[in-house]
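Proteins come first, then strands; the chains are lettered A, B, ... in the order of their sequence lines, and each starts at number 1. If you're wondering where the values come from, they're calculated on a predicted model, not measured in any experiment.
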Protein chains: 2
Amino acid sequence: MPDIYRALGDSTRRRILSMLKQENKTQKEIVEAFAISQPAIKKHLNILLEENIITESLKGKYRIYSLNFNVLQITLQEMHQFTGELLDSQLVSLKKYVEKGEVQDEHD
Amino acid sequence: MPDIYRALGDSTRRRILSMLKQENKTQKEIVEAFAISQPAIKKHLNILLEENIITESLKGKYRIYSLNFNVLQITLQEMHQFTGELLDSQLVSLKKYVEKGEVQDEHD
DNA sequence: ATTACATATAACCAATTGGTTATATGTGTG
DNA sequence: CACACATATAACCAATTGGTTATATGTAAT
């Protein structure tokens, strides 16, 4: 359900995630780390929240954001499997080549 | 330079890449595998070409598309490093916890 | 040469994205 | 209570995305 590709699809969001991997951060801290406005950061946080990649908690007037490791782990693992299979196929082609003396069939 | 996140950011494009991992395909074959129009597929192919994730070659009236394994490998490896570091940090936190009896500092 | 087929391109559309500024709301502090 | 600060929300904007239909172009086959 969570769209990890959407979550990772923007470099600001990737930087936010990198920040959060060290320690949880308040929105204020995140905003201060970028050159764009607070509402712009909030929109990125909302996308990450929508995709369940981060969680939000309240502490007085602050909002604290954290990585959602459970979801991250599952979705990244799926993504990694997909990408792994893409590269895998090259090895299969190489194997075929070694065995049968051809790389691709049909088109070349 | 190639934006692998953009390339993978759409499920149609991911399906196209999956198709190409088996064998090279003509545009016609790709179009026939989807329920959307030829120009729509062409746009996706153009994005994959822009990001250098696939290559195009001519064969008579056909256009043959192939995975660009070189670029794929490099960009996916970078992506995987990024995502690996995200999850890694949890292990570091766990390690800290085991060693010092705390998980996070500052915010909780 | 005509026709059929594969692909390209143009014009259009609605929704999403990534940003802005201005302003409202909520919470802690002097 | 009043003010300051952190965050939320609204209204706006330009660019991109993902699709469409209609039509042009290039190549092969009859």
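- Between the CD1 atom of B/Ile16 and the CD1 atom of B/Ile53 there is a distance of 13.0 Å, given to the nearest 0.5 Å.
- For A/Gly60 and A/Ala35, each mapped to the nucleotide of DNA chain C holding its nearest heavy atom, the one lying further toward the 5' end belongs to A/Ala35.
- Between A/Asp3 atom CG and D/dG18 atom P the separation is 11 Å, expressed in whole Å.
- Between B/Tyr5 and B/Phe82, the ring-plane angle classifies as perpendicular under the 30° and 60° cut-offs.
- Distances shorter than 4.0 Å separate none of the side-chain N or O atoms of A/Ser37 from OP1 or OP2 on C/dG19.
- One atom, CG of A/Leu49, and another, C1' of D/dA8, lie 13 Å apart when rounded to the nearest Å.
- For D/dT17, neither phosphate oxygen OP1 nor OP2 lies less than 4.0 angstrom from any side-chain nitrogen or oxygen of B/Arg13.
- A close approach under 4.0 Å does occur between a side-chain nitrogen or oxygen of A/Lys28 and OP1 or OP2 of D/dA6.
- If you take CD of A/Glu29 and C1' of D/dA6, they are 12 Å apart, rounded to a whole angstrom.
- Contact annotation: A/Lys61 does not reach the phosphate of C/dG28 (side-chain N/O to OP1 or OP2, under 4.0 Å).
- Looking at the side chain of A/Pro39, the nearest of the listed nucleotides C/dG18, C/dT20, D/dG19 is C/dT20.
- Applying the salt bridge (charged side-chain N to carboxylate O under 4.0 Å, His left out) criterion to A/Arg6, with sequence neighbours excluded, gives A/Glu50, A/Glu51.
- Crowding of A/Glu32 atom CD: a count of heavy atoms from other residues, nucleotides or ligands under 6.0 Å exceeding 12.
- The hydrophobic cluster containing B/Leu20 does not contain B/Ile47, counting ILVMFWY residues as joined when their side-chain heavy atoms lie under 4.5 angstrom apart, directly or transitively.
- In this structure, A/Arg63 does not reach the C/dG26 phosphate: none of its side-chain N or O atoms is under 4.0 Å from OP1 or OP2.
- Between A/His44 and the phosphate of C/dG19, there is a side-chain N or O to OP1/OP2 separation shorter than 4.0 Å.
- Between the C1' atom of D/dA6 and the NZ atom of A/Lys25 lies a distance of 17 Å, rounded to the nearest Å.
- Taking atom CD on B/Glu56 and atom C1' on C/dT7, their separation rounds to 10 Å, with Å as the unit.
- A sub-4.0 Å separation between OP1 or OP2 of C/dA8 and a side-chain N or O of B/Gln27 is present.
- Note on A/Arg6: every side-chain N or O is 4.0 Å or more away from OP1 and OP2 of C/dT16.
- Remark: P of D/dC5 and OH of A/Tyr62 are 10 Å apart, rounded to the nearest angstrom.
- D/dA6 atom P lies 15 Å from atom CD1 of A/Ile41, rounded to whole Å.
- Regarding A/Lys42, its NZ atom lies at a distance of 16 Å from the P atom of C/dT20, rounded to whole Å.
- Annotation: of the two residues near DNA chain D, B/Lys43 and B/Gln38, the 5′-most nearest-nucleotide partner is B/Lys43.
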